[in-house]
Amino acid sequence: MKNLEYSYETTISSGNKREAYPDPPSEKVFKTSGSSVNGAMVGKDEVIKVNVKWDDSEESFKLHNKAK
């Protein structure tokens, strides 16, 4: 893998990130973090839509709260 791009969308926010690697990464877990604007938080019943692209592949999925 040389290129990774991911995006997410909720009812209150969205974001994306692109990364390029000169050599394939050794880590297989990718994390992102950020701060909320004016204290906005994703609700416990919120479903987060995620799209991930790496090189010539792409996958979309939804994240649900496991505690439900």
Side-chain angles (χ1 to χ4, degrees):
M1 180 177 77
K2 295 282 189 174
N3 297 293
L4 173 68
E5 178 181 348
Y6 57 90
S7 60
Y8 68 90
E9 181 182 340
T10 71
T11 58
I12 60 172
S13 68
S14 64
N16 61 54
K17 187 169 184 178
R18 291 182 180 155
E19 298 183 18
Y21 302 95
D23 297 309
S26 59
E27 291 290 320
K28 297 187 183 191
V29 176
F30 300 91
K31 299 178 182 180
T32 188
S33 62
S35 59
S36 62
V37 178
N38 296 326
M41 294 178 54
V42 175
K44 68 179 182 176
D45 296 327
E46 181 86 39
V47 175
I48 302 171
K49 298 174 188 173
V50 180
N51 188 62
V52 182
K53 296 179 185 179
W54 64 101
D55 296 333
D56 294 327
S57 299
E58 183 174 359
E59 184 173 350
S60 295
F61 52 91
K62 296 178 181 178
L63 298 176
H64 300 266
N65 186 348
K66 188 176 180 179
K68 284 181 86 175

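Listed by chain and number, the residues in a side chain to side chain donor-acceptor pair (under 3.5 Å) with E9 amount to none (sequence neighbours excluded).
Linking Ile, Leu, Val, Met, Phe, Trp and Tyr whenever their side-chain heavy atoms come within less than 4.5 Å puts Y6 and F61 in one cluster. Hydrophobic clustering (ILVMFWY, side-chain heavy atoms < 4.5 Å, transitive): M1 and V52 are in one cluster.
Within the structure, no pair that satisfies the salt bridge (charged side-chain N to carboxylate O under 4.0 Å, His left out) test touches residues 49-64, not counting sequence neighbours.
Note: N16 CG to Y8 OH = 8.5 Å, rounded to the nearest 0.5 Å. Distance CH2/W54 to CG/N3: 13.0 Å, rounded to 0.5 Å. Here CG of D45 is found 11.0 Å from OG1 of T11. Values are rounded to the nearest 0.5 Å.
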